Amino acid sequence: MKENKKLIIFDFDGVLVNTLQFSFFIHKELNKDLTWEKFQDFSNGNFHDGILKEVEKGDYIIPSNWGDYYDENVIKLTISDVLNNTIKILSEDNILTIVSSSRGVSISKFLVKEGLKDYFMDILGSDAHRSKVFKINLILNKYNINPDDTLFITDSLGDILEANETKIKSIGVTWGIHSKKTLEKGDPIAVIDDPRDLLLKIQNVLK
């Protein structure tokens, strides 16, 4: 591994691929009163913690077949040419990893289908740990990289807040779960509205 490489951590759902519609649908099937706004609120903090708080109230049902349903639907999707190219260019001079609330095994299968798995050094999902703080610190320690040389790309306020706990910078993207206004509450280094602008912004932040 080349010295002085930077570490770029990608969220998966809502950043690299849009799984939000089918994710909301299966939760809505079991929880008829669930609104899109409430579903968004689950990601104001750690997504799993947000769901579990509702379960503890006694009025929320988690889909028991969630893993199988996710696998069946995510494999039908594809990463856009713009993001595909962004990943390949960034991998030339940086360490790329994924930290997600979804299962790492599911993400890995998807990336194999897309021909992109080998561009990511690590994929840490909910099957590794629920906390993104834990997973980010795990990666930082593994590669012995300074938080100042690390960047997290995410679509949720909760992820930005967890990244803040690890002292790494974040870029928020608005083609996922949260709006620019919501993302800015976490004080990211930037918020991007167009995937075509992401590569240059990452390169400028980490240069």
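Bear in mind that the values here come from a model prediction, so they are computed numbers and not experimental data. Every heavy atom of this structure was used, including side-chain atoms; hydrogens, water molecules and symmetry mates were not.
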Between [X] and [Y], which heavy-atom pair has the shortest distance, and what is it?
X    : Y    : result
K201 : I171 : CG-CD1, 3.5 Å
W175 : G14  : CD1-O, 3.3 Å
E29  : K32  : O-NZ, 2.9 Å
I26  : S23  : CG2-O, 3.3 Å
G176 : L20  : C-CD1, 3.3 Å
I75  : E72  : CG2-O, 3.6 Å

Can you tell me how far apart [atom1] ([X]) and [atom2] ([Y]) are? Round to the nearest 0.5 Å.
X    : Y    : atom1 : atom2 : value
L161 : S170 : CG    : OG    : 9.0 Å
N31  : D59  : CG    : CG    : 8.0 Å
D49  : E56  : CG    : CD    : 9.0 Å
N204 : D197 : CG    : CG    : 11.0 Å
L183 : D159 : CG    : CG    : 9.5 Å
E162 : F152 : CD    : CZ    : 8.0 Å

Please answer whether the main-chain N or O of [Y] pairs with a side-chain N or O of [X] as donor and acceptor at a distance below 3.5 Å.
X    : Y    : value
D155 : V15  : no
D149 : K6   : no
K169 : D148 : yes
K117 : L111 : no
K135 : H129 : yes
N85  : D81  : no
N94  : L96  : no

Looking at side-chain heavy atoms only, is the closest gap between [X] and [Y] below 4.5 Å?
X    : Y    : answer
K180 : E184 : yes
L90  : Q203 : yes
L199 : V82  : no
K88  : L116 : yes
L16  : I87  : yes
F110 : Y70  : no
I160 : N164 : yes
K38  : E54  : yes

Quiz item: Of T166, N46, D11, which meets side-chain hydrogen bond (donor to acceptor under 3.5 Å, both in side chains) against K132?
Solution: D11

Exercise. For a side-chain hydrogen bond (donor to acceptor under 3.5 Å, both in side chains) with S102, tell me which candidate from D127, D13, T19, D71 qualifies.
Key: D13

Exercise. Please work out whether the ring planes of F39 and H27 are parallel, tilted or perpendicular, with thresholds of 30° and 60°.
Key: tilted

Say whether [X] and [Y] are linked into one hydrophobic cluster, either directly or through other cluster members, by side-chain heavy-atom distances under 4.5 angstrom.
X    : Y    : result
I95  : I139 : yes
I9   : L138 : yes
F47  : F24  : yes
Y143 : V99  : yes
I153 : L157 : no

Practice problem: Carefully, step by step, assess F120 and F12 under the rule ring pair (Phe, Tyr, Trp, His ring centres under 6.0 Å). | Solution: CA-CA 12 Å; F120 294 95; F12 182 72; 8.8 Å; no

Quiz item: Just wondering, more than 12 heavy atoms not from N141 lying within 6.0 Å of its CG?
Solution: yes

Quiz item: Got a sec: does the CD of E37 have more than 12 other heavy atoms crowding it under 6.0 Å?
Solution: yes

Quiz item: Are the charged groups of R196 and D194 less than 4.0 angstrom apart, N to O?
Solution: yes

Quiz item: Under 6.0 Å between the ring centres of F10 and Y119?
Solution: no

